[in-house]
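Letters A, B, ... are given to chains in the order of the sequence lines, protein chains preceding strands, and every chain is numbered from 1. Note that the coordinates shown come from a computational prediction; the quantities given were computed from them, not determined experimentally.
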Protein chains: 2
Amino acid sequence: MAVTLKDVAERAGVSRSAVSRTFTEGASVSKKMREKVLKAARELDYSPSLIARSLATSRTKLIGLVANNYQNPVFVEVFDLYTRALQERGLRPLIVNLTDESDPQAFVRMLHQYNVDGVIIASSTLPQGYLTAFKDARVPVVHTFGRASPNPDFHIVGIDNIACGEMVAQALFDHGYRDVAFLGGPKTSTSTQDRLAGFERRSAKIGLRSSVIRYAEGYTYNAGRRAMKSLLDEFEVEAVFCGDDLICMGAMDAARDRGIAIPEELGFVGFNDMSMASWSAYRLTTIRQPFKDIILTSIELIDRLVENPAYPSEVKLLPCELIERNTLRSTSV
Amino acid sequence: MAVTLKDVAERAGVSRSAVSRTFTEGASVSKKMREKVLKAARELDYSPSLIARSLATSRTKLIGLVANNYQNPVFVEVFDLYTRALQERGLRPLIVNLTDESDPQAFVRMLHQYNVDGVIIASSTLPQGYLTAFKDARVPVVHTFGRASPNPDFHIVGIDNIACGEMVAQALFDHGYRDVAFLGGPKTSTSTQDRLAGFERRSAKIGLRSSVIRYAEGYTYNAGRRAMKSLLDEFEVEAVFCGDDLICMGAMDAARDRGIAIPEELGFVGFNDMSMASWSAYRLTTIRQPFKDIILTSIELIDRLVENPAYPSEVKLLPCELIERNTLRSTSV
DNA sequence: GGATTTTTTGCAACCGGTTGCAAATCGGCT
DNA sequence: AGCCGATTTGCAACCGGTTGCAAAAAATCC
């Protein structure tokens, strides 16, 4: 059925190795031989089987891409970047969609069975089990959007959530706010914890009251909306720092539904700068994550790691940026 | 390094075939043998290499998933469904992210090289070149969200866009509108063409004026916004049928920015019922596509097609539903 | 208990490539 | 022309599984 190495070799009247060599990078073939082979290959419309090659070389060019945040539209942007960047490098993503019920071991085994060259984890809310499972399987792993730790077991690429929290506290203060709330994602999410930590630390330092703290049950619009409703029932604040744009939009709509004017009566700061943040229904002031840089860096890292599995663990934190739009009142105190 | 069939065979003191058989569905192994093998396998933490198996069986359990609409947040929902449904069946998606510049042939070759069992195309705006390229490569293909044709060359799973267009025309008429506009996606998109065709046909029949027609340059918020602005500059209508929710939201915001009240002064109908459509900033009346059914059907179809490549081409169109929210004035004429 | 049928097992070839090694070829030099 | 070292080429083993076939073992029957 399919045309193989052997067919080309026969047609060109050369050995199988000769054909193999013309199709593998940096092998020793004379110019004449290469041309003879390529001609035969062209005539037969041959292209080498990556499966067979993988078996022989134990390299697959497959990269496992593990994620569990398919609910958040920002993920579509992230996903787009990953898949494009990988395929530009000749790598293929093998997707794992983690659901709450799925068993870590099973997925690790599966990726192992496909003999992926490496794994990129794209999630800040990943059960620890996964990470250690990969470690046990000796698969190179890069954890993107993960929490930084001084002595990491894995390569981590992400942002400094603590610094971001501080940046927001400072910005709110600079805009004249003195009494603000934090509305995070799930309490168990490390990124939420870190953002809050930074937020509180800077607040304490500069004299910003930030004792009202709420957690949404998920990084979703509805969770944000619900959490904001209950926050409004109990407290009165001047501004809210939300741990995610989606949560923030839900919160803004909850406030507007009560007739609260934004930013005149209540200010908001989001997180991520997803494309919707610039929509004129929201015009959200928010923290922009350098998604593109994070993703490119992680792919570079996994590439290097595949070459040299012993490469020592690195933590790369990339800088974020405050994008000012219309959800904070203007700077005059 | 990795533990192989042979290791297990030696440890269990049996032949390699015996080990292979205990790990392949429906092979002939006695209970005693199976247990002996499984015990050895467990002790060595063995799991069969899918790469090697693929080489031997020429089945990979890989399904190419080809898409080019990574800009639209609705795609994240679609993607979630695809990846989950595939992995529940023991299949793995191999993602192809088509950009405008990418060469059809190259991707077809690539999927061929990975020896994918089948390909699912998830796009309504795909250059014809891709489809024929796959056909030439004799890879089973299911085209989802594609245009129905009486004598299709491929399996198609999607919706009846013409019927949807008719449904919207009727709904607008029933709500008392008499003078409406169509604001579609790109003019080259077959789904846009079909929706318009149905819309115009029914309009003509029931006496709904629908001669104002505009196309957004893409299925994006900004494209919708721009198109709506220019529409408002030139025409006055009572309601707008948008070819996509995202376009619709852009259009609504363009209208609101001019102080137009929705639905009192201007009605809107969207398409897709993406999760944002229910946000209280929009509360969009829209057509819901049965994404889940479409996707499950397409996977079933590709499964069957892999078993039997000669399976005759089918077109499956699934019914849509009008979801009424708050962007049309109430029914009283 | 022996003949016959059915099930289980092992052998060996194969899937489509890669690669270490030794033989063959080439080019340059005296 | 003859010799030497560098390149190029082919042989054959290997990557880790599957599977048709025939022999061996077990189950069935009389």
Side-chain angles (χ1 to χ4, degrees), chain A residues 1-41 44-62 90 109-117, chain B residues 1-41 44-62 90 109-117:
Chain A
M1 173 85 223
V3 27
T4 83
L5 198 68
K6 208 173 106 200
D7 304 328
V8 179
E10 279 167 9
R11 172 150 198 141
V14 300
S15 74
R16 288 164 58 223
S17 354
V19 179
S20 172
R21 288 194 178 101
T22 69
F23 283 98
T24 55
E25 207 71 16
S28 152
V29 228
S30 71
K31 202 166 151 126
K32 236 194 305 185
M33 165 96 328
R34 151 165 283 126
E35 271 165 17
K36 207 168 16 165
V37 170
L38 286 179
K39 178 159 169 289
L44 296 172
D45 191 24
Y46 166 79
S47 61
S49 155
L50 294 183
I51 300 288
R53 174 178 292 172
S54 297
L55 184 57
T57 62
S58 58
R59 284 286 176 77
T60 53
K61 300 266 175 191
L62 290 173
R109 190 194 336 276
M110 191 277 293
L111 288 171
H112 184 73
Q113 290 191 122
Y114 269 108
N115 199 11
V116 295
D117 288 347
Chain B
M1 174 81 226
V3 28
T4 83
L5 198 68
K6 207 174 105 199
D7 303 328
V8 179
E10 278 166 11
R11 172 151 197 137
V14 300
S15 74
R16 289 164 57 222
S17 352
V19 179
S20 171
R21 289 198 177 99
T22 68
F23 283 98
T24 53
E25 207 71 17
S28 151
V29 230
S30 70
K31 205 171 149 121
K32 240 195 303 187
M33 166 96 327
R34 151 164 281 124
E35 270 164 20
K36 206 164 25 160
V37 170
L38 285 179
K39 178 158 169 291
L44 296 172
D45 192 24
Y46 166 79
S47 61
S49 156
L50 294 183
I51 301 287
R53 175 177 292 173
S54 296
L55 184 57
T57 62
S58 58
R59 285 287 176 79
T60 53
K61 299 263 175 194
L62 290 174
R109 191 194 337 273
M110 190 278 291
L111 288 172
H112 184 73
Q113 288 191 124
Y114 271 108
N115 199 11
V116 294
D117 288 346

Self-check item: Qualifying residues under salt bridge (charged side-chain N to carboxylate O under 4.0 Å, His left out), relative to B:Arg59, sequence neighbours excluded
Solution: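 For B:Arg59 the salt bridge (charged side-chain N to carboxylate O under 4.0 Å, His left out) partners, ignoring immediate neighbours, are B:Glu307.
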Quiz item: Does A:Lys39 have any salt bridge (charged side-chain N to carboxylate O under 4.0 Å, His left out) partners at least two apart in sequence or in another chain, and if so, which?
Solution: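 Here the qualifying residues are A:Glu43.
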Report, one pair per line, the protein and nucleotides 11-13 of chain D atoms (nitrogen or oxygen only) whose separation is under 3.5 Å.
| from | atom 1 | to | atom 2 | distance (Å) |
| --- | --- | --- | --- | --- |
| D:dC11 | N4 | A:Ser17 | OG | 3.1 |

Quiz prompt | Residues within residues 47-54 of chain A bordering DNA chain D, heavy-atom distance below 4.0 Å | solution =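 Contacts with DNA chain D under 4.0 Å: none.
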Practice problem: Quantify the bending of the helix from C:dG1-D:dC30 to C:dT30-D:dA1 as the angle between its end axes, each fitted on five pairs, to 10°. | Solution: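 Taking five pairs per end, the axes differ by 30°.
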Practice problem: Find which nucleotide of DNA chain C each of B:Ala56 and B:Lys32 is nearest to by heavy atoms, and output the residue with the more 5' nucleotide. | Solution: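 That would be B:Lys32.
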Quiz item: What is the distance, rounded to the nearest whole Å, between atom OH of A:Tyr46 and atom P of C:dG16?
Solution: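 After rounding, the reported distance stands at 10 Å.
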Practice problem: Could you tell me whether B:Val19 contacts a base, only the sugar-phosphate backbone, or nothing, with contacts defined as non-hydrogen atoms closer than 4.0 Å? | Solution: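 No contact at all - B:Val19 keeps every heavy atom at 4.0 Å or more from the nucleic acid.
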Quiz item: Which is true for A:Thr57 with a 4.0 Å heavy-atom rule: it touches a base, it touches only sugar-phosphate, or it touches nothing?
Solution: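 The residue A:Thr57 makes sugar-phosphate contact but no base contact.
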Quiz item: Choosing from C:dC15, C:dG10, D:dG10, which nucleotide comes nearest the side chain of B:Leu55?
Solution: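 Of all the options, the side chain of B:Leu55 is nearest to C:dC15.
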Exercise. Identify which nucleotide among C:dG17, C:dG10, C:dC15 has an atom closest to any side-chain atom of A:Ser20, counting heavy atoms from C-beta outward.
Key: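 From the listed options, C:dG17 comes nearest.
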Quiz item: Which residue pairs pass the salt bridge (Lys or Arg N to Asp or Glu O under 4.0 Å) test when at least one of the two sits in residues 17-36 of chain A, sequence neighbours left out?
Solution: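 Those involving residues 17-36 of chain A do not exist here.
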